[in-house]
Amino acid sequence: METLWFIIVAVMLTAYVVLDGFDLGAGVIYLFVARSDTERRMVLRSIGPVWDGNEVWLLAAGGTLYFAFPQLYASSFSGFYLPLMMVLWLLMLRAIGIEFRTHIDDPVWQGFFDVVFCVSSALLAIFFGAALGNVVRGVPLGPDGYFFEPLWTNFRVGPHPGILDWYTVMAGVVALVTLTAHGALYVAIKTEGDLSQRSRRIAVMVWPLQLLLTCVSLLATYYIQPQVMNNYKAHSVGLLVPVVVLGSLAVMIWAATKSKEKLAFAASSLYIAAMLVGAAFALYPVLLPASTDLSYSLTIYNSAAGHHGLAVGIVWWILGMLLALGYFLFIYRMFRGKVRLEGQGY
Amino acid sequence: MESALLVHRLHFAFTVIFHYLFPQLTMGLAPLIVVLKTLGLRRNDERYNQAARFWARIFGINFVLGVVTGIPMEFQFGTNWSHFSRFAGGVIGQTLAMEGMFAFFLESAFLGLFLYGEKRLSPKAHWWSAVAVFLGSWLSGFFIIATDAWMQHPVGYVRAADGSAQLSSFWALVLNPWAWWQYAHNMSGAGITGAFVMASVGAFYLLGRKHLEHGRIFVKVGVVAGCVFSIVQLFPTGDRQGKMVALNQPVTLAAMEALFTGQPGAPLVLIGQPNVTERKIDNPVLVPKMLSFLTYRRWGAHVHGLDEFPQELWPGTIPLLYYSYHIMVGLGTIFIAIMVVAVFLLWRGKLFDARWMLWVLLLSLPFPYIANTAGWMTAELGRQPWLVYGLMLTADGYSKTVSAGNGLFTLLGFMGMYTALSILFLFLVRREIEHGPAAETVAH
């Protein structure tokens with residue numbers, strides 16, 4: 001039962017990163033690919049009807065995490081107090097950047113919200129990467145299952161690290177680069193002409209960096225947390241993950257240079273999913289490793305909710321998920337195709 | 001500000017009070033927009049569709065603020081109230097996760113369609129998208145109320161070996177009687193806000209002699225809905241909610257009414273200042289025996305007073321609780337009076353020319369917000385000193401690892417952020433009102 005909920009939460013978080021990832025990425029490249037007001041509105045229109053729904057995945061995943069592993073939620077949210085609050089502020093700024101920009105047709109107003117949207121998107125990408133880095137690296141959990149991490153200590157990985165150290169900063173940069181390419185490919189699909197071409201070229205341009213960072217981050221993870229290999233050694237099926245990661249990267253660059261944006265975007269989605277699945281596979285059954293003493297780590301067994309609750313949850317979760325998938329298919333069908341500026345809606 | 005407990009309480013209180021300014025309008029306007037869309041379809045009258053579009057624009061701006069201020073609420077269960085989450089997550093995680101799965105997905109998916117898809121959809125399909133948004137927002141309200149109701153009146157749980165509460169009956173949790181009356185009371189409260197806002201904007205147009213046709217629609221729909229919701233707010237929902245408090249939280253009722261001494265034939269205090277040190281009401285205006293009658297339907301019934309309970313179980317802030325409760329009830333009564341008179345004038349065909357009444361409607365705009373806020377303060381202050389009634393004290397629930405200094409840092413951050421959001425919100429809504437209902441929809 002706990003394992004099932006571990007998989008469900010991991011899948012929901014992956015769905016969130018793949019979905020909200022492309023609109024975050026669209027925000028990162030926004031100021032660079034979209035030069036005129038028309039182009040900027042095209043980018044906004046390409047994510048306009050879906051970004052809010054994408055972000056709901058974060059809330060739904062958070063709610064599900066709270067429901068399934070309340071101890072983890074309590075411990076990690078209070079421990080990551082300051083960065084989480086900053087994430088909240090960035091999410092707010094980004095939301096009003098997207099939604100309120102077009103309300104007033106004025107270059108000063110729009111210029112302000114353009115920068116707000118772009119900067120908050122980039123910072124969020126970095127924060128989410130750093131958050132994942134923290135989870136993989138481990139946090140200074142005490143015997144009572146709580147911790148509090150300052151934003152930084154000495155930028156080294158040790159028993160008492162800060163939120164930011166060289167490893168988590170690197171994870172943040174990996175996320176930024178990955179989502180930049182991901183968002184660029186999405187914009188390339190949804191738009192036409194110069195804008196589409198420019199977006200596609202960004203994805204091609206950052207690809208070597210993405211490849212390099214992927215390899216470095218995998219090695220660094222092994223260096224700081226050698227036990228991540230345990231599950232891979234025990235179950236060799238896990239070795240498919242790095243194969244998929246590298247394979248999808250190869251498909252991505254091939255498709256992007258051949259202007260097959262949809263295939264490239266699919267490969268990028270697969271790459272993100274594989275990276276996250278790889279991390280989840282390495283961690284299982286640990287949810288949050290302790291950097292102090294491994295026996296303090298939070299696992300799916302010591303953080304899960306009661307059995308009856310978890311069993312009941314399966315019923316409504318399946319029902320809710322089927323409904324949600326129904327809405328999403330419907331919405332993406334309604335707003336399929338390239339965005340154009342004439343006329344109403346998207 | 002040295003006390004971490006105080007900082008975390010203020011942190012939650014500030015962010016939740018600010019947050020709830022928006023959902024109450026979202027939930028209140030959603031059914032009214034469905035009404036406007038229905039009238040537009042039925043009568044094939046474009047004015048109603050324009051009216052619906054106008055309110056959809058206000059709804060959209062309001063919705064964004066509701067979402068961005070709502071995310072911090074879910075986060076704070078973990079960030080600021082981690083010991084509470086560890087204790088109660090096994091139960092209320094159910095309702096909070098269901099809100100995400102059932103309400104948020106529905107609402108967010110169809111809101112985009114509703115706001116920007118009118119030209120792509122048939123009128124019927126667009127009507128359905130409005131209904132879906134309405135359902136989503138009201139479902140969301142239910143799950144939050146069910147969560148709060150469990151904290152007010154815990155049911156359907158067992159205590160696990162580590163002391164935490166774990167779900168034992170799903171149906172007991174979602175069919176908690178407290179939840180259903182509180183839900184009905186809360187939703188009609190949101191309906192009052194939606195109706196008053198609509199009537200107020202309509203009155204503004206009529207008084208300024210512009211957008212007359214739309215103004216009349218707004219006033220008409222606003223006062224009819226406002227009349228229904230105001231009455232339902234008092235009876236049966238408010239009445240039943242009060243009885244629920246009297247039965248399950250008698251000390252809370254005593255504090256709300258500032259009844260320091262338990263007595264048969266207890267009087268109702270209309271106005272007066274509670275003096276907790278001397279245990280009396282200063283300058284009281286009383287209705288003899290009324291409290292006994294309202295609570296138990298018997299003039300001579302004994303009502304428990306604060307003296308019958310140990311002082312450490314009294315809600316900590318009795319004067320604030322007392323004022324919150326009295327402001328809520330007082331305003332609720334005034335709302336009924338305003339709306340009944342307005343509906344009478346509407347029925348006689350005189351409302352649109354009764355400028356004094358239009359002024360009353362215009363100026364009443366802020367009061368439903370105050371009443372709803374006061375109502376929630378009554379519920380939450382009344383539960384003190386408990387975080388989960390009878391099970392966990394508020395003083396045991398906050399994040400012990402997050403110091404007062406860190407808490408204050410982010411509280412100040414939220415204050416700054418929300419000040420900026422308020423200015424933006426007022427600016428954008430004022431602009432929409434100025435453009436009026438006939439203006440074209442703004443899309444990206």
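In what follows, every chain begins at residue 1, and chains take the letters A, B, ... in the order their sequences are listed.
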Do any N or O atoms from the side chain of Gln94(B) and from the backbone of Gly309(A) form a donor-acceptor pair under 3.5 angstrom? yes
Provide the closest heavy-atom pair for Ala109(B) versus Tyr327(A) in the form atom of the first, atom of the second, distance. CB-CB, 3.6 Å
When Leu325(A), Leu59(A), Val56(A) are each screened for side-chain contact (heavy atoms from CB on, under 4.5 Å) with Phe105(B), the one that passes is Val56(A)
Non-hydrogen atoms of Ala305(A) and Gly90(B) that approach each other most closely: CB-CA, 3.9 Å
Minimal non-hydrogen separation, Phe77(A) against Gly78(B), with atom names: CB-C, 3.3 Å
Which of these, Ile61(B), Leu428(B), Leu424(B), sits in a side-chain contact (heavy atoms from CB on, under 4.5 Å) with Ile96(A)? Leu424(B)
Would you indicate whether the side-chain heavy atoms of Met98(B) and Phe67(A) approach each other to under 4.5 Å? no
Shortest non-hydrogen contact between Ala97(B) and Gly63(A), atoms and distance: CB-O, 3.4 Å
Any non-hydrogen side-chain atom of Asp52(A) less than 4.5 Å from a side-chain atom of Ser108(B)? yes
Please confirm whether the backbone N or O of His103(A) pairs with a side-chain atom of Arg431(B), one donor and one acceptor, at under 3.5 Å? yes
Close aromatic pair by centroid cut-off 6.0 Å: Phe170(B) and His308(A): no
Quick check on the structure: residues of residues 82-90 of chain A within a heavy-atom distance below 4.5 Å of chain B, by number. Leu82(A), Leu84(A), Met85(A), Met86(A), Leu88(A), Trp89(A)
Over all heavy atoms of both residues, which pair between Tyr73(A) and Glu74(B) is shortest? Give the atoms and the distance, please. OH-O, 2.7 Å
Checking heavy atoms, do the side chain of Phe330(A), its backbone, both or neither come under 4.5 Å from chain B? side chain
Scan side-chain atoms only and decide if Ser399(B) and Tyr81(A) contain a donor-acceptor pair under the 3.5 Å cut-off. no
Can you find a heavy atom in the side chain of Met101(B) that is under 4.5 Å from one in the side chain of Trp316(A)? yes
Counting C-beta onward and ignoring hydrogens, is there a side-chain heavy-atom pair between Glu55(A) and Ile71(B) closer than 4.5 Å? yes
Looking only at heavy atoms, what is the nearest atom pair of Leu421(B) and Met92(A), with distance? CD1-SD, 4.3 Å
